[in-house]
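Okay, so here's the structure we're looking at.
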Number of protein chains: 2
Amino acid sequence: MPSSPGRQRTPRTSLSRERILAAAVQVADERGIASVTMRKVAEHLGVEAMSLYHHVANKDEILDGIVDVVFGEIELPVGQFDWKTTMRRRAVSARHVLARHPWALGLMESRRHPGPSTLRHHDSVIGSLRAAGFSIGMAAHAFSALDSYIYGFVLQESNLPFRTTEELEDMAETIVQRMPAGVYPHLAEMIADHALQPGYAYGDEFTFGLDLILDGLERALLGPGAPARGGPFRQTGADRSAPPPPG
Amino acid sequence: MPSSPGRQRTPRTSLSRERILAAAVQVADERGIASVTMRKVAEHLGVEAMSLYHHVANKDEILDGIVDVVFGEIELPVGQFDWKTTMRRRAVSARHVLARHPWALGLMESRRHPGPSTLRHHDSVIGSLRAAGFSIGMAAHAFSALDSYIYGFVLQESNLPFRTTEELEDMAETIVQRMPAGVYPHLAEMIADHALQPGYAYGDEFTFGLDLILDGLERALLGPGAPARGGPFRQTGADRSAPPPPG
DNA sequence: GCCGTATCTTACAAGTGTAAGGATCAGCGG
DNA sequence: CCGCTGATCCTTACACTTGTAAGATACGGC
């Protein structure tokens, strides 16, 4: 408890690694990842740039850190529902979190040091799948497929240059203008007869693909038949334990 | 045709928008997207920075341009196969191209002006789906699901800090070191008993998820039942009613 | 009052996009 | 052959911004 403030500045021990990361996340959200500089982050905290170096080693640590902060915001799978519901909730949460911090996906490409929240998250997902009966190999398949879909969807969502219907109409007009003689006819049709229809929102596409994958995984889990390809995948026997080192 | 070179420099009319974009792509591939500066690109062409401004308006035009160059490298769907094969070939090509230029995904987030190759690509994909009998809405679903998966997979592929088995082992060791008392047990199991097994390559996961989506789409196309959302769907009669593909 | 630490001030060297104007060239009419 | 013209390329320069090193200063707890 700060006894006698006297000054308008925040009390002395206000700075901390956590507060710095939180400020960096806020700056990235508001002004884009390129605006995350030591000075801007410090300014956001009412502090000078050099002060940050008493709590973080350098800028890279901040970048690694905020990626982990984002992963920490994703709802962890809890075991009270069936695996499908759990995975769906996790996916929906991940989508919302990543949509709130779209720069996080771009950062992933350049970061090579997963933080504790990230590892915890991955561990929890794999654990849920294993508990549901997926073999190691099938859990890897499921994990990869689900996360790929989630990441890619968010990427497209933040890529498509329209978030409001208004922006979409502007964008559509721009595209239509670039079709002097009916080039891109199918694109035009999709925009006019689908995307511009009242009530359309790209975000709604998410559940379709998600359920497509979840249902496919369920089929792979229940019926050991060939869920994909028509061939190779079976989840019985050989897959059940650690794969025999070939040769 | 340069008549008398005389000098060692490239002939006069060597520069062009295309050559500039190609050089920018090369710089991004070799040194990362952050190294794509006017000076570096110019240097790669044996030219000074300001010379570029005679062929491109500014740096943004270069960034928009190289994203479009990448999309231009993706194999366009051709109509000689069934839609599933076509989509699979397209997806595999897209994955390879994007893996070759991993910075392109990060750029997408900040670019708002799709170029002609991008539009042509999207148009072609939608056209293939429509020709196969997908309704507009279902084509939108399919397009979204497939591209989300492709983008996300590439993102993960370039995110995972290992491309060679050697790097993977280093990485695994690092992670294992961070588990003093068996935190992340499932992650540890997956790394030890799966990812580190001989012959494992993350890239192989691609086809599993891809075929999962393609098979799901096929089911949605054949039996127009509710493929997503509802319970574990089956292919029998009950679903048969559903929205008739708009005539 | 003293001490260690958290914070601020100052500074630097490097790198950025690009504006303004000078140099160099090919192709041309004389 | 000459010199002109207009495009293309180079040189110089500017105004910023970046991460962070070094040292001075202010503060809370003893």
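A, B, ... follow the sequence lines: proteins, then strands. Residue 1 opens every chain.
Residue B:His55 places at least one side-chain N or O closer than 4.0 Å to OP1 or OP2 of D:dC9. Contact between the side-chain N/O atoms of B:Ser51 and the OP1/OP2 oxygens of D:dC10 is found at a separation under 4.0 Å.
Counting to the nearest Å, the P atom of D:dT18 and the CG atom of A:Leu52 are 13 Å from each other. One interatomic measurement links the two molecules: NE2 of B:His54 to C1' of D:dG6, which rounds to 11 Å at whole-angstrom precision. Spacing between atom CD of B:Glu48 and atom P of C:dA23 amounts to 16 Å, rounded to whole angstrom units. In this structure, the CG atom of B:Leu45 is 10 Å from the P atom of D:dC10, given to the nearest Å.
The six-membered or imidazole ring of A:Tyr149 lies near that of A:Phe206, with a centre-to-centre distance under 6.0 Å.
A search for salt bridge (charged side-chain N to carboxylate O under 4.0 Å, His left out) contacts involving A:Glu61 returns A:Arg17, not counting sequence neighbours. Take A:Asp204 and apply the salt bridge (charged side-chain N to carboxylate O under 4.0 Å, His left out) test, not counting sequence neighbours, and it matches no residue. By the salt bridge (charged side-chain N to carboxylate O under 4.0 Å, His left out) test, B:Asp60 is found to be paired with B:Arg111, residues two or more places apart in sequence or in another chain being considered. Remark: A:His122 engages A:Phe71, A:Phe143 in a ring-ring contact (aromatic ring centres under 6.0 Å, His included) (not counting sequence neighbours).
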Please list, pair by pair, any protein nitrogen or oxygen found under 3.5 Å from a nitrogen or oxygen in nucleotides 12-19 of chain C.
residue, atom, partner, partner atom, Å
C:dG17, OP1, B:Lys59, NZ, 2.9
C:dG17, OP2, B:Met38, N, 3.2
C:dG17, N7, B:Arg39, NH2, 2.6
C:dG17, O6, B:Arg39, NH2, 2.9
C:dT18, OP2, B:Tyr53, OH, 2.6
C:dT18, OP2, B:Lys59, N, 3.2
C:dT18, O5', B:Tyr53, OH, 3.2
C:dT18, O4, B:Arg39, NH2, 3.4

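Every pair tested for ring-ring contact (aromatic ring centres under 6.0 Å, His included) that includes a residue from residues 39-61 of chain B fails, sequence neighbours excluded, so the list is empty.
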